[in-house]
Every structure is written in C-alpha cells, then in structure tokens.
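Nothing here was measured: the structure is a model prediction, and the numbers come from that model. Below, read A as the first sequence line, B as the second, and so on, with proteins coming before strands; counting in each chain starts at 1.
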2 protein chains.
Amino acid sequence: MVARRATVRDMRRSNRAVLLSKIYLDGPLSRHELTQLTSLSPASVSTLVAEFIEEGLVEEAGSVESDGGRPRVLLRVAPSFGHVIGVDVGETRVTVELFDMSMAALAKADYPIEPNQLEPKVTVAHILEGITAVCAQAGVDQSTVLGVGVAFPGVVDSGEEGLVHAQHLGWADGVPIGTMLRAGTQIPVHIDNGAKTLGQAEMWFGAGRGTQHAVIALVGSGVGAAVVADGASYRGSRSSAGEWGHTTLVYGGRRCRCGALGCLEAYVGAEGILDRYRDANGRSAPGIDEESAIGALIAAADSSPTASEVLNQTVGYLGAGIATLINLFNPERIVLGGWAGTALGGRWLPEIRAAAAKHALKLPFAQTTITLCELGPDAVALGAATLPVARLLADGGLRPAAAAQAALVRGPRVRIPPR
Amino acid sequence: MVARRATVRDMRRSNRAVLLSKIYLDGPLSRHELTQLTSLSPASVSTLVAEFIEEGLVEEAGSVESDGGRPRVLLRVAPSFGHVIGVDVGETRVTVELFDMSMAALAKADYPIEPNQLEPKVTVAHILEGITAVCAQAGVDQSTVLGVGVAFPGVVDSGEEGLVHAQHLGWADGVPIGTMLRAGTQIPVHIDNGAKTLGQAEMWFGAGRGTQHAVIALVGSGVGAAVVADGASYRGSRSSAGEWGHTTLVYGGRRCRCGALGCLEAYVGAEGILDRYRDANGRSAPGIDEESAIGALIAAADSSPTASEVLNQTVGYLGAGIATLINLFNPERIVLGGWAGTALGGRWLPEIRAAAAKHALKLPFAQTTITLCELGPDAVALGAATLPVARLLADGGLRPAAAAQAALVRGPRVRIPPR
DNA sequence: GAGACTTATTTCATATCATAAAATCGAGGC
DNA sequence: GCCTCGATTTTATGATATGAAATAAGTCTC
C-alpha cells in the first residue's frame with residue numbers, strides 16, 4: 001500500500017467515507033449504532049451526519065423505540081440524492097440503465113449492435129444516446145446524474161484515456177473510450193471490465209456480501225474472474241488482473257481462441273464444451289445459439305452417455321480451474337457465475353466442489369466456500385452503475401467537482417497583516 | 001480496503017510512517033527532498049524529523065552542498081537504533097541471523113535438524129537458543145532487539161497463535177509456533193512463509209526494488225510465489241495466498257507430492273525435473289543431492305540430447321506457469337528465483353520469456369518484465385528480519401509497547417472543574 | 001573581506017478536526 | 001407532574017498540518 005501524507009482534511013474525508021459507506025452498505029442505521037460500528041465518537045457521528053443531511057446525502061428513515069430511552073432515529077442514504085447510469089457493452093448489444101441511489105432501476109434502453117458495425121464510434125454514439133434516452137424516459141435531469149459506469153468485454157486499462165482492448169469487438173489496438181465518451185458528455189465516466197462490474201454487483205448485492213476476500217468466477221462464452229481482496233477489486237498494475245480463462249490447464253492441449261494451447265477457456269467456456277461434445281459425439285448439440293445448445297446438452301445429461309461424459313469432464317476441468325484460484329488467491333469465497341457457470345453449478349455444484357478439493361491444497365480449500373451467484377448476467381449494468389457510487393462513497397460524499405468548488409468559493413485566505 | 005476511523009493521532013502516525021519509510025527505503029535524504037517526496041510541508045517534515053532524532057530513530061549523515069545556498073543535511077535511519085533477528089527454518093537446518101537497522105549482518109548461528117527430530121519443540125528450542133547465541137556473539141543486549149522474524153517452509157496462518165502447517169516438517173495439523181515462541185522470549189515475534197520473506201527481501205533490496213506490483217516466483221525443491229500488490233504482500237484471507245506450485249498445469253498429469261495430479265511443481269520442481277529425466281533417460285542424473293543433480297543435468301544440456309530435451313520441456317512448463325501468474329496478477333515484474341529457478345533462468349531466461357509469451361495474454365505480458373532474482377536463497381533469513389522493520393515503519397517508529405507506555409505515562413487527563 | 005545572494009530549515013500564528021464531558025432531548029413509568 | 005433511561009447535541013479542549021515569515025548557513029562578487 002502506498003501511504004500518502006495526511007492532513008486534517010484527509011482525516012475528515014476519510015471519516016466521512018467510513019460513515020457514509022456504512023450507512024449506504026449496511027443501512028439504515030441509527031447514529032448510536034454508527035458510533036459503535038465505526039468506533040467514531042458520538043459527537044463526530046452527530047456532526048458528520050448533520051453535514052450529510054444538510055447536503056441532502058442522507059435522510060432520516062423512521063425510528064426504533066428503545067425500551068425506556070429516547071428512540072433511535074434511523075438514517076439512510078437518500079435514494080433521491082442523485083442518479084447513476086450503468087452501461088453494459090456486450091458483443092451483440094449495448095444496454096443503458098438508469099438507477100437512483102438505492103439502485104432501483106428507473107429506465108432502460110437497448111441498442112443492438114449489427115455485426116458489421118463494430119466501430120468504436122458507433123458504440124460510443126449508442127452509449128451517449130442511451131444516456132439521453134434513459135434520462136428523458138424517467139424525467140431526470142442529467143445534472144443529477146453522479147456518473148456513468150461503462151462495462152466492456154475485454155481488458156480495460158485504467159488511466160485517463162480509458163483504453164479498451166476488446167478482441168471480441170475487433171478492438172485489438174486499444175480504443176481510448178474514456179476520452180471519446182468525455183467528449184460527448186459532462187457526466188463523469190467510469191470504465192471497467194464487465195466481469196469486474198458483475199463481480200462488484202455480486203459483492204454488494206449478491207453472493208459476495210459480507211466477505212472481504214472473494215473471487216467471482218464467471219463462465220459463459222468467455223471465462224473470466226473478478227478478484228476482490230481486502231474488500232476492494234484487485235486490479236494489478238494495469239487493471240487487467242483476473243484473466244482466469246487463459247491460464248493453462250492442459251499443457252499443450254486444445255487450441256484456444258486466444259491462440260494459445262490448453263487454456264481453461266478452451267475446456268470450460270461454452271464454445272469449448274460444445275466443441276468437445278461435437279468431437280465426442282460426431283455432431284453438434286442442437287440449438288440456435290450457444291446458450292440453448294448448452295441448455296440442451298445439460299438437459300440430455302440424463303439420457304445421453306456422451307453428454308453426461310462431456311459434462312462430467314467439464315466439471316472436472318472447472319474444479320481444477322477453481323482450485324487454481326483458491327491456491328493463488330486464498331479467498332473466503334468463490335462465487336460461480338456467468339450463464340454457463342450458473343447452469344453447470346445449478347446442477348453439479350457438489351461435484352464441482354469435489355473436483356476443486358481434488359486439485360487444491362487442503363488448507364486453503366477448507367477455508368473457502370464455493371457458492372453460486374445470485375444476480376444473473378444482467379447485473380453487469382447494475383455493477384457498472386455502482387462504480388460512480390463507489391467513487392462517491394470513497395470520497396466521503398464530497399464529489400471531486402464540489403470539493404474543488406468549495407475550495408474555490410472559500411478562496412485564498414487573505415491574511416490581515418500585523419500593524 | 002477496510003477503511004477505519006481516523007483521529008489526529010492516526011494522522012500523525014500515518015505521516016510519521018510515510019516519512020520514516022521514505023528515509024529508510026530511499027535514504028539518506030535531506031529534509032528538503034523529503035518535503036518534495038512526501039508532499040508534506042517543510043514545517044511538518046522539520047517537526048517530525050526533530051522528533052525522530054530526539055527518539056534516536058534517525059540521525060544526520062553528512063550534508064550535500066547546494067550551489068549558493070545552505071547545504072542540505074542528509075538523514076538516515078540510525079543503524080544502531082536497534083537490532084532485528086531473522087530466522088530461516090529449513091527442512092534440514094535452522095539459521096538464526098542478527099542484523100542492525102541497516103540490515104548489516106552482525107552474527108549468525110546454525111542448527112542442523114536431525115531427520116528424526118522434526119518435533120516442533122526441538123525447532124522452537126533451536127530458535128530460542130539461536131536468539132540468545134547471536135546476541136551474545138555480537139555483544140548485543142536482547143532489549144535492543146526490535147523483533148524476530150521467523151520463516152517457515154509451509155503455510156503460515158496469520159493471527160495470534162501463529163499456526164504453521166508444514167508438511168515437509170511433518171507438521172500437518174497446524175502447530176501454534178507463535179504461542180510457543182512467545183512463551184520463551186520477550187522479543188516481539190513475527191512469523192511468515194519462507195517464500196514470502198524471500199520475496200520481501202527481493203522487494204526491498206533485490207530485483208523487485210521500485211515496483212509496486214510484482215510476483216517473486218520461486219523454484220527449488222518446492223515451487224511457490226510471493227505476490228506483492230500495491231507495494232504490500234498479498235496474503236489472501238488467511239495468509240496462504242501464492243501457492244503457485246500446486247496449480248494444475250497438466251490436467252490429469254504426473255502425480256505431485258501434494259497428492260493431486262498435474263501440479264506445476266510436479267513438472268518444474270527439482271524432484272519433478274529429475275523424475276522426468278529418469279523416465280526419459282532410463283536412469284537418474286548423477287549427484288548426491290537434488291541440487292548437484294540439477295547442476296549436472298544443466299551442465300549436460302550441451303552434450304546430452306535427453307538432458308537438453310528434458311530441460312527444454314521444463315522451460316516450456318515454467319513459462320506456462322509464469323504466464324498464469326501474469327494473467328491472474330497483472331504484475332509489473334516477475335522475479336524468478338529459488339535455487340533451481342536461478343539455475344534455469346541463468347541459462348534459459350530468453351526461452352522462458354518466450355514460453356511465457358506463448359501462454360500469456362499479449363497485453364498483460366507486454367506490461368511485465370521477467371528478470372532473475374538478485375539475492376540468492378540465503379536471503380530468507382534477511383527477509384524474515386525485515387518483518388519487524390516493516391512493522392516499525394508501518395507504525396511510524398512508534399513501537400506498540402512504547403506507544404502504550406506513552407499513553408500510560410500521560411495518564412488519564414484530569415480536568416479542572418469550572419468554578 | 002564585506003555584502004549580496006541563494007537555498008535549506010525553523011518558528012509562529014492559524015484553521016481544522018475528533019473527542020470527552022456535560023447538557024439536552026424524547027419517550028415511558030410511577 | 002416528576003423520575004428514569006438511553007440517544008443525541010453542545011461545549012471546551014488538545015492535537016495536528018500548514019503557509020508565511022524569519023533565520024541559518026553556505027557561495028559568489030567585487
């Protein structure tokens with residue numbers, strides 16, 4: 001951790017962040033409870049909460065009688081304090097969703113991407129149009145939108161430009177999506193990888209709640225993971241950590257679409273499963289798209305020995321892949337998600353656990369629980385929308401702009417010279 | 001990250017920590033330079049440094065002329081402020097080493113472990129005896145020892161008890177080494193895994209210097225890794241993160257000594273290499289122990305096609321294993337170490353890099369440099385000795401005991417009641 | 001060799017902040 | 001109406017970093 005110098009102001013911001021995060025994530029809570037949970041003094045809690053209420057960030061939400069004494073007043077982050085937008089850029093469509101602070105969905109817009117229109121410009125236009133559209137649809141002024149989170153299927157390099165490398169969109173070279181979006185809207189933009197935003201959603205509202213160390217393992221057409229360490233997303237030096245799908249599982253094995261041999265994705269990704277089935281069976285599983293084909297395969301597991309065999313193998317590979325995560329990250333919890341992961345886990349979770357046990361070290365395995373995700377793949381946009389909220393919480397509710405403005409209004413302090 | 005409430009005192013401790021760490025890790029530095037590097041005000045630097053000097057933590061170390069102005073006075077952490085001890089518990093011996101604050105070695109003691117005397121009690125006795133011995137040898141009073149860091153070959157569960165699970169020592173069940181050691185000495189005890197302490201040494205004094213995200217990949221008889229994220233050791237929920245050796249590399253492959261099939265260690269660990277050579281060659285590589293056998297094998301690479309073949313395969317496996325680290329952790333740097341890793345890397349580093357490139361995703365691979373370690377396996381004890389130093393720096397030089405005592409001396413503040 | 005100049009460090013007055021202690025509030029019980 | 005109890009707010013205080021001004025410690029110029 002890079003420690004930074006601290007001033008009294010940083011202290012206040014930090015305490016505001018602690019308090020606000022507690023109210024948001026574990027609220028509604030009374031001042032008294034907040035005192036205990038944050039170990040701040042009652043005086044500080046009182047002062048800070050008064051500030052929050054003054055700013056419209058927090059509001060009172062009923063009270064709880066306490067036998068004999070003054071009742072506790074419950075506090076929550078005001079759902080109407082502002083709005084956030086989450087965008088899920090998929091391989092076939094762009095989904096834009098508007099939420100209030102409580103993450104209640106207010107409006108939604110969908111833009112199919114034509115396979116021949118994969119240019120970044122088109123995607124950016126869809127996103128910008130979607131922002132306008134959802135705000136109009138819900139009758140919300142854009143100035144109340146705290147931020148837009150955008151999730152992409154690919155590696156998102158953190159940094160000013162917001163470089164996105166998305167092979168499946170044909171963006172091999174790194175598209176400066178951040179710069180492009182900021183040119184089209186005033187709203188603060190946050191960009192991240194879709195697996196990471198889905199992981200964030202599961203951490204806040206799904207199967208990851210209450211843990212500080214978790215890995216959200218996602219299996220769909222692609223295979224990826226979102227790693228959470230000490231309660232925060234693990235990003236590595238350039239934000240591309242967690243590329244689980246392309247770890248080598250079978251040295252020298254099947255060719256993966258990334259070009260390498262033996263990647264996990266080539267075995268447990270939807271395409272990998274279907275390819276292996278076709279190889280074993282002589283012809284493809286029925287189904288218009290991958291999703292229905294996998295569904296058909298799973299449905300056939302009882303009747304078709306080949307399907308059963310292929311899926312059993314898949315479970316074994318998946319377990320070994322999960323074991324790698326357990327050995328390397330030592331999480332409290334593995335959350336298995338993604339549409340294919342959910343489908344497999346729904347039926348074979350005990351077998352997946354057993355396969356992981358076979359390949360992981362005993363001690364870290366015993367410290368890990370393996371569960372299914374709770375939110376489903378649609379939560380990518382929800383997770384993206386949490387990005388500006390997370391920013392707000394980390395800043396203690398002091399929006400950077402507001403903070404800068406406050407400093408400006410206060411102005412350079414003029415000192416009266418001594419006589 | 002778990003944010004905690006902050007008080008003005010926390011602020012001071014934090015600023016002391018920032019300042020002291022800079023002086024220790026990048027020193028000697030002048031107050032002026034510290035002002036720029038920490039972004040603290042000159043006033044604060046001056047005050048804090050005065051405190052450090054008063055406490056004997058920091059001392060002046062010459063000055064640098066500056067053309068025209070007042071010369072800068074250089075500051076460094078006083079080497080004689082205190083001492084630290086590092087202990088390396090290996091499979092065959094216990095090494096205890098005494099250092100001053102500048103990590104200059106002052107004394108050393110060695111205790112061979114007889115194969116039939118693997119009981120924890122014996123090891124603990126060696127450590128305690130070693131502490132006394134090195135202090136006596138160097139004429140150092142034990143009260144000046146800030147702490148003892150002890151490195152074990154196995155999983156070390158953080159927490160009060162200091163549970164150590166070391167299969168190679170026959171300690172399968174978790175031995176409460178922390179409790180046992182604390183019963184025998186007053187000196188604060190820190191316990192960690194040997195790979196992690198070696199990694200720490202490389203980060204501070206070796207090939208990891210200057211990076212915030214690195215993985216120290218260690219290949220010897222066993223295979224492990226020390227992961228550093230954001231400048232701090234990545235531990236996971238229960239400190240056993242980084243068990244690289246038992247990630248599955250060849251699904252269904254060779255049996256590993258951990259019991260699973262296809263672990264990385266079964267292919268690139270010393271035993272794995274020698275076994276594969278024996279399988280290919282029909283008989284074992286010459287050598288009394290693993291280390292000389294591996295040395296002989298590498299020496300024979302030019303003349304023996306079989307040796308060459310086996311080592312080439314090893315390079316391929318190792319590259320794939322490194323690629324897994326790159327994909328999952330997205331480090332700035334991979335440092336290859338361990339005695340076997342150093343030997344292999346010394347000769348085939350370009351080939352290892354190429355093999356990693358073949359198995360890693362292009363983007364994270366391009367962001368990573370792969371280098372050899374600089375310190376050698378003896379640095380385990382050095383790394384262990386950095387644990388108490390790291391503690392001191394993180395606490396801003398306020399030893400917990402001293403801090404508590406200060407609070408005690410100050411006593412409960414008595415308030416004079418108003419008239 | 002004296003004064004000008006330059007750069008580093010220290011001193012001082014000030015504003016910010018969390019906190020302990022005391023006061024106040026809001027309800028039920030008698 | 002008065003008392004009790006627990007929650008919250010008010011008040012006085014001490015700790016802290018900081019900008020600005022002052023001071024220190026050299027070199028350079030003439």
Q.
Please classify the nucleic acid contact of A:Pro42 as base, sugar-phosphate, or nothing, using heavy-atom distances under 4.0 Å.
A. base
Q. Rounded to whole angstrom units, what separation is found between the CD atom of A:Glu54 and the P atom of D:dT9?
A. 14 Å
Q) Does B:Arg5 make a side-chain N or O approach to OP1 or OP2 of C:dT19 shorter than 4.0 Å? A) yes
(Q) Is the phosphate of D:dA17 approached by A:Thr7 (side-chain N or O, under 4.0 Å from OP1 or OP2)? (A) no
Q: Give the rounded distance in Å between these two atoms: CG of A:Leu34 and C1' of C:dA18.
A: 16 Å
Q: Nearest whole angstrom, please: distance from the P of C:dA18 to the CE of B:Met11.
A: 10 Å
Q: Report the residue from A:Arg31, A:Arg72, A:Arg76 that forms a salt bridge (charged side-chain N to carboxylate O under 4.0 Å, His left out) with A:Glu60.
A: A:Arg31
Q | C:dA18 phosphate, OP1 or OP2, under 4.0 Å from A:Asn15 side-chain N/O | A | yes
Q | A:Ile23 CD1 to A:Glu33 CD distance, which is reported to the nearest 0.5 Å | A | 11.0 Å
Q.
Side chain of B:Ala43 only, heavy atoms from C-beta on: which candidate in C:dT10, D:dT18, C:dA18 is closest?
A. D:dT18
Q. Given that A:His32 and A:Ala6 both sit by DNA chain D, which one's nearest nucleotide is further toward the 5' end?
A. A:His32
**Q.** side-chain contact (heavy atoms from CB on, under 4.5 Å) evaluation trace for B:Asp26 with B:Leu29
**A.** CA-CA 7 Å; B:Asp26 301 331; B:Leu29 292 165; 4.2 Å; yes
Q.
As a test of reading the structure: which of D:dT16, D:dG26, C:dT19 is closest to the side chain of B:Pro71, going by heavy atoms?
A. D:dG26
Q | Distance, rounded to the nearest Å, where B:Arg12 contributes CZ and D:dA17 contributes C1' | A | 9 Å
**Q.** Residue A:Arg70, side-chain atoms from C-beta onward, closest of D:dA17, C:dT9, C:dG26
**A.** C:dG26
**Q.** Euclidean distance, atom CZ of residue B:Arg31 to atom P of C:dT9 [Å, nearest integer]
**A.** 6 Å
Q: Please report, rounded to the nearest Å, how far the P atom of C:dA18 is from the CD atom of A:Glu51.
A: 9 Å
**Q.** Option among B:Leu40, B:Leu75, B:Val18, B:Leu48 that satisfies the side-chain contact (heavy atoms from CB on, under 4.5 Å) test with B:Leu34
**A.** B:Leu75
Q: Under 4.0 Å between any heavy atoms, over every strand shown, what does A:Val73 touch: base, sugar-phosphate, or nothing? Just pick one.
A: sugar-phosphate
(Q) Can you see if the side chain of B:Ser44 gets near the phosphate of D:dA17 - specifically, an N or O under 4.0 Å from OP1 or OP2? (A) no
Q: On the 0 to 90° scale, with breaks at 30° and 60°, tag the A:Phe329-B:Phe329 ring pair as parallel, tilted or perpendicular.
A: tilted
**Q.** Interatomic distance, A:Arg72 CZ vs D:dT8 P [rounded to whole Å]
**A.** 7 Å
Q: Among D:dT16, C:dT16, D:dT8, find the nucleotide with the atom closest to the side chain of A:Arg9.
A: C:dT16
Q. Separation of A:Arg13 atom CZ from D:dA17 atom P, in whole Å?
A. 16 Å
